[in-house]
Amino acid sequence: MLREETAKLLMMIQGAYPNYKPDNKTITINTWNLALSDIPFDLAQKAFLAYLRADTKGFAPTPGQLIALVRELNTPKQLNELEAWSLVEKAIHNSIYNSQEEFLKLPPLVQKAVGSPNVLRLWASDGSYSEQVASSNFMRSYRNEAKRQEEYEKLPADMQQMIDRTNRNSYLAQIREKNRDAIQMTTTENAEIEVKDETTGISQQSDERLKKLIEDFRQI
């Protein structure tokens, strides 16, 4: 958002809230522009209109409130804890031999909360597995990861990039790396199986033809 657009947004806010009178307009514009610099004006304007239509207390919004509304308007709704666990529970039922594939089907945030395909395999094969314990642990982890991601996504893009470069702990970086390796491994294994099956099929056909030729020769 340009500084001029920030000033325009603040004029809209003052028009709707006459009691909103910053002591220093220049400092206010500069501060708001710094906070909203990576947000397009049209999104900020839509967020303000959404705030205005829902407001019943008569207080002007803060930058953080508008940023939260921009994110809500522009981000798909996350699964709640029960919805996320239902996906994990379904994956567990098929994870004794297919944990890799089931893990890849899960949304990134759910993957992050689960940890790895090995966890699915362990839950699926554990004779003393307790759904109550597993679901409780997962939901706690999912709740923490969802909050962490929410805070991460509130940051400006340049700060997100700085965090990614510093600790390589972004939500996409690690999961993409894991998934890339898993997909490559799964693809390679499937290709080997297909080649093996194809070779076996050809060998069986050759054996059958050879047997038929021998039988035909004996009849001559």
Problem - Expected output: side-chain Gln65 to main-chain Thr62 donor-acceptor under 3.5 Å - result: yes

Practice task
Report yes if the side chains of Tyr20 and Thr28 come closer than 4.5 Å at any heavy-atom pair, otherwise no.
Solution key: yes

Sequence neighbours excluded and cut-off under 3.5 Å, please list the side-chain donor-acceptor pairs for residues 6-13, or say none.
residue	atom	partner	partner atom	Å
Thr6	OG1	Leu2	O	3.1
Thr6	OG1	Asn33	ND2	2.9

Exercise for the section: Show which residues join Ile96 in its hydrophobic cluster (side-chain heavy-atom contacts under 4.5 Å, direct or indirect), or state none. Expected result: Tyr97

Practice task
For Gln111 and Leu106, indicate whether the former's side chain and the latter's backbone hold a donor-acceptor pair under 3.5 Å.
Solution key: yes

Handout entry: Asn98 side chain vs Glu101 backbone, donor-acceptor pair below 3.5 Å
Key = no

Problem - salt bridge (Lys or Arg N to Asp or Glu O under 4.0 Å) involving Lys90 - partner list, sequence neighbours excluded - result: none

Exercise for the section: Can you sort out the partners of Arg143 under salt bridge (Lys or Arg N to Asp or Glu O under 4.0 Å), two or more places apart, ordered by chain and number? Expected result: Glu81

Practice task
Identify whether Leu69 and Leu52 are in the same connected component of the hydrophobic contact network (ILVMFWY, side-chain heavy atoms under 4.5 Å).
Solution key: yes

Handout entry: Sub-4.5 Å side-chain heavy-atom contact between Gln100 and Pro117
Key = yes

Practice task
Find the distance between CD (Glu89) and CD (Glu131) and round it off to the nearest 0.5 Å.
Solution key: 4.0 Å

Practice task
Would you list the pairs meeting salt bridge (Lys or Arg N to Asp or Glu O under 4.0 Å) in which at least one residue belongs to residues 57-74, sequence neighbours left out?
Solution key: Arg71-Glu153

Donor-acceptor contacts under 3.5 Å from residues 39-50 side chains, at least two apart:
none

Completion exercise
Partner of Tyr142 under side chain to side chain contact (heavy atoms under 4.5 Å, CB included), picked from Asn80, Leu79, Val88, Val114, is Leu79

Problem - Other residues, nucleotides, ligands: >12 heavy atoms within 6.0 Å of Phe59 CZ - result: no

Handout entry: Residues Arg148 and Glu151 bridged, charged N to O under 4.0 Å
Key = no

Practice task
I would like to know whether Tyr129 and Leu122 meet side-chain contact (heavy atoms from CB on, under 4.5 Å); could you show each step before the answer?
Solution key: CA-CA 9 Å; Tyr129 167 77; Leu122 178 63; over 6 Å; no

Exercise for the section: Group every Ile, Leu, Val, Met, Phe, Trp and Tyr by side-chain heavy-atom contacts under 4.5 Å, then state whether Leu36 and Tyr152 land in the same group. Expected result: no

Exercise for the section: Dump the intermediate steps for side-chain contact (heavy atoms from CB on, under 4.5 Å) on Asn137 and Val133, then the final yes or no. Expected result: CA-CA 6 Å; Asn137 291 338; Val133 173; 3.6 Å; yes

Practice task
Run the numbers on Trp32 and Arg3 for side-chain contact (heavy atoms from CB on, under 4.5 Å), then give the verdict.
Solution key: CA-CA 9 Å; Trp32 275 68; Arg3 189 179 186 280; over 6 Å; no

Handout entry: CE on Met139 to CH2 on Trp85, rounded to 0.5 Å
Key = 7.5 Å

Handout entry: Pairwise distance CG(Leu120) to NE2(His93) - rounded to 0.5 angstrom
Key = 11.5 Å

Problem - Heavy-atom pair of closest approach, residues Ile67 and Ala35 - result: CD1-O, 3.8 Å

Problem - Option from Ser116, Ser99, Ser95 for which side chain to side chain donor-acceptor pair (under 3.5 Å) with Arg121 holds - result: Ser99

Exercise for the section: Go through the steps for Lys147 and Asn144 under the test side-chain contact (heavy atoms from CB on, under 4.5 Å), then give the verdict. Expected result: CA-CA 5 Å; Lys147 182 174 180 58; Asn144 292 337; 5.9 Å; no

Fill in the blank from the handout: CG (Asn118) and CH2 (Trp123) are apart, to the nearest 0.5 Å, by 12.0 Å

